[in-house]
J.: 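Quick one: the structure is below, and I'll ask about it shortly.
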Amino acid sequence: MNQSMNIRIQAPSPSLLLPRAKSSSHWMCPCLRVQLETCASSNISKTSLVARGSSVWCKIKPMFNESLTKKYASQIGALVTSRALEVSDTPVVGDDKIGVLLLNLGGPETLEDVQPFLFNLFADPDIIRLPRMFRFLQKPLAKFISVARAPKSKEGYASIGGGSPLRQITDAQAEELRKALTEKNVPAKVYVGMRYWHPFTEEAIEQIKRDRITKLVVLPLYPQFSISTSGSSLRLLESIFREDEYLVNMQHTVIPSWYQREGYIKAMADLIEKELRNFDRPEEVMIFFSAHGVPLAYVEEAGDPYKAEMEECVDLIMEELEKRRLNNAYTLAYQSRVGPVEWLKPYTDETIIELGQKGVKSLLAVPISFVSEHIETLEEIDVEYKELALKSGVEKWGRVPALGCEPTFISDLADAVIESLPYVGAMAVSNLEARQSLVPLGSVEELLAAYDSQRRELPPPVTVWEWGWTKSAETWNGRAAMLAVLVLLVLEVTTGEGFLHQWGILPLFR
Ligand SMILES: C=CC1=C(C)c2cc3[nH]c(cc4nc(cc5[nH]c(cc1n2)c(C)c5CCC(=O)O)C(CCC(=O)O)=C4C)c(C)c3C=C
Ligand SMILES: [Fe+2]
């Protein structure tokens with residue numbers, strides 16, 4: 001055991017906290033950055049800086065002088081509170097039963113699964129947030145949208161073999177991660193918990209309880225954090241934890257995102273480097289990072305760090321490629337928007353057209369927000385965007401495969417888990433205590449408090465009708481009318497009869 005010390009530095013203002021700094025693995029306060037980086041050269045581990053609300057936590061090596069930190073902090077008007085903490089250098093195994101819970105989206109395995117899968121997705125308030133007074137309509141609305149969207153989605157899934165490959169790939173990643181952990185002398189059970197399809201998070205949690213796991217590392221399989229993905233899964237987990245005595249007392253930690261990890265960046269750079277070699281003139285290829293989009297309001301109104309993390313991730317990959325003397329031009333765009341609200345820009349389709357018009361002849365698409373092949377790589381990128389690029393004047397098109405079970409990547413995930421283990425032991429034993437305790441990586445609850453704590457109402461990414469859900473429609477009359485239309489629509493969808501069916505207007509979406 002090593003007597004390390006965690007200190008908490010209170011930033012002068014919460015607004016001074018930015019999403020992750022380039023060199024650290026956690027959020028940090030820009031005003032502290034210079035000072036902490038100075039300290040980091042010898043005393044503070046950069047990878048153990050973490051911000052909560054207006055605080056920055058840092059783990060300090062034993063020889064570090066706490067009063068010096070206080071001095072640095074006072075120079076910039078920050079407050080330091082400190083508390084000693086036992087942090088083990090070696091992973092906690094011993095009598096403990098270690099579990100790793102991989103969180104992912106889930107996908108329909110057959111065409112029959114498509115509509116109920118879409119229902120689960122749209123019933124999630126982190127995907128569609130209705131105004132408070134309409135929350136009771138979440139499920140009928142989800143039913144309506146899922147039924148309306150299902151035929152188009154089914155076509156997509158049919159074209160990639162009749163279902164999503166996500167479960168198979170995630171299971172394989174879990175197994176490889178388990179092996180990698182065993183090879184690194186950390187025997188652990190690895191579980192898969194999907195948000196919208198089997199195996200559901202609830203099923204994974206039941207298994208975790210049956211296996212009497214005592215320490216759990218929660219690892220969302222999304223490199224970058226978004227309220228709509230990792231955030232949604234963590235919120236579900238929080239509600240499950242809160243209601244269960246066993247889980248409340250089980251120590252856990254969360255690795256909220258890991259896009260900046262060296263192993264992940266290197267694995268991505270390896271794949272890009274390899275794929276570039278398939279072009280006749282690799283140096284002329286433009287590297288086209290295509291990330292799954294989110295509605296702009298998530299970033300601008302709810303503080304989703306997704307865009308900032310994505311941009312930083314792309315910078316890090318490009319820096320790694322430059323180190324390998326690959327100085328290709330590159331761009332980042334966002335794909336897969338649903339409905340007419342504004343999503344993160346630039347949009348992938350519009351960017352492809354523009355690049356074609358500008359005379360770009362070779363494009364290498366790099367899916368960046370997800371680590372498995374799925375409908376949006378296999379259908380949207382490989383078929384739709386390729387066709388669009390060729391039509392727009394691009395002559396050579398390539399696509400980097402998703403990471404899947406790449407050994408460098410899996411080994412890095414195993415390292416991330418191992419590095420987080422000492423902090424699981426440092427967690428408090430109940431949610432109440434956890435709130436006051438040191439949480440170097442983050443408990444589910446603390447992480448949810450860091451982002452989107454108010455869970456503000458957001459414009460739904462899908463519209464039910466053209467004129468609805470706008471600010472101007474937020475009048476009692478408008479709401480009443482919208483409600484009436486909605487009831488009609490719900491009746492129409494649930495019974496399969498009504499004016500929209502008679503006029504052949506359904507399905508409505510995309
Ligand atoms: C980082 C990745 C993802 C973000 C962010 C995300 C946000 C988001 N997605 C929708 C709506 C849909 N997503 C669908 C499928 C889907 N989404 C992701 C990833 C992210 N989504 C993946 C990997 C998949 C595919 C799963 C699979 O089956 O292989 C779908 C269903 C497919 C379709 O009908 O097109 C919808 C709908 C919203 C609204 C949203 C943010 C608010
Ligand atoms: Fe999605």
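Read the numbers this way: they start at 1 and go in the same order the structure lists the ligands and their atoms.
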J.: Mind checking whether Leu234 and Pro256 have side chains closer than 4.5 Å, heavy atoms only?
T.: no
J.: Which part of Arg149 is near ligand 1, with near meaning a heavy atom under 4.0 Å away: side chain, backbone, both or neither?
T.: side chain
J.: Can you check whether Tyr222 and Phe370 have ring centres sitting under 6.0 Å from each other?
T.: yes
J.: Which of the numbered atoms in ligand 1 are below 4.0 angstrom from a heavy atom of Ser164?
T.: 27 (C), 28 (O), 29 (O)
J.: Counting only heavy atoms, tell me which of Leu118, Ile375, Asp113, Leu121 gets closest to atom 11 (C) of ligand 1.
T.: Leu121
J.: Considering only heavy atoms of Gly107, which atoms of ligand 1 have at least one such atom less than 4.0 Å away?
T.: 28 (O)
J.: For Arg167 and Asp113: C-alpha separation, side-chain torsions, deciding distance, then whether salt bridge (charged side-chain N to carboxylate O under 4.0 Å, His left out) applies.
T.: CA-CA 13 Å; Arg167 181 176 191 165; Asp113 297 342; over 6 Å; no
J.: Take Asp171 and Gln168, measure what side-chain hydrogen bond (donor to acceptor under 3.5 Å, both in side chains) needs, and give me the verdict at the end.
T.: CA-CA 5 Å; Asp171 282 347; Gln168 234 181 323; over 6 Å; no
J.: When you measure from the side chain of Ser164 to the backbone of Leu166, do you find a donor-acceptor pair of N or O atoms at a distance under 3.5 Å?
T.: yes
J.: Quick one: does Trp343 get within less than 4.0 Å of ligand 1, heavy atoms only?
T.: yes
J.: Could you give me the CA-CA distance, side-chain angles and deciding distance for Glu273 and Lys266, then say whether salt bridge (charged side-chain N to carboxylate O under 4.0 Å, His left out) is met?
T.: CA-CA 10 Å; Glu273 189 176 1; Lys266 287 208 160 109; over 6 Å; no
J.: Tell me which part of Ser369 gets within contact of ligand 1: side chain, backbone, both or neither, using heavy atoms under 4.0 Å.
T.: both
J.: With a cut-off of 4.0 Å, which atoms of ligand 1 are near a heavy atom of Ile127?
T.: 38 (C), 39 (C), 40 (C), 41 (C), 42 (C)
J.: Just which atoms of ligand 1 are under 4.0 Å from any heavy atom in Thr229?
T.: 1 (C), 2 (C), 3 (C), 4 (C), 5 (C), 6 (C)
J.: State, yes or no, whether a side-chain contact exists between Pro220 and Thr229 at a heavy-atom distance under 4.5 Å.
T.: no
J.: Of all the N, O or S atoms in His292, which has the shortest distance to the Fe ion (ligand 2)?
T.: NE2
J.: Look at the side chain of Gln173 and the backbone N and O of Gly404, then say whether any donor-acceptor pair between them is shorter than 3.5 Å.
T.: yes
J.: Do Arg195 and Phe200 meet the cation-pi criteria used here (NZ or CZ under 6.0 Å from the six-membered ring centre, within 45° of the axis)?
T.: no
J.: With a cutoff of 4.0 Å, is Pro108 in contact with ligand 1, counting heavy atoms of the residue only?
T.: yes
J.: Counting only heavy atoms, which portion of Ser372 has something under 4.0 Å from ligand 1: side chain, backbone, both, or neither?
T.: neither
J.: Could you tell me whether Glu376 approaches ligand 1 through its side chain, its backbone, both or neither, with non-hydrogen atoms closer than 4.0 Å?
T.: side chain
J.: Taking the side chain as everything from C-beta on, heavy atoms only, tell me whether Asn120 gets closer than 4.5 Å to Trp197.
T.: yes
J.: Number the atoms of ligand 1 from 1 as they appear, then name those within less than 4.0 Å of a heavy atom of Phe370, with their elements.
T.: 23 (C)
J.: So that I know where these two stand, are Tyr334 and Trp343 an aromatic pair - ring centroids less than 6.0 Å apart?
T.: no
J.: Out of Ser153, Ser146, Ser228, who is nearest to atom 34 (O) of ligand 1 when you count heavy atoms only?
T.: Ser153
J.: Report, in ascending order of atom number, the atoms of ligand 1 lying under 4.0 Å from any heavy atom of Tyr298.
T.: 42 (C)
J.: For ligand 1, which atoms have a heavy atom of Phe122 less than 4.0 angstrom away?
T.: 37 (C)
J.: Identify, by atom number and element, the atoms of ligand 1 in contact range of Val294, meaning under 4.0 Å from any of its heavy atoms.
T.: 5 (C)
J.: Do His374 and ligand 1 have an N or O pair less than 3.5 Å apart?
T.: no
J.: Mark the output for Trp197 as yes if a heavy-atom distance to ligand 1 is under 4.0 Å, and as no if none is.
T.: no
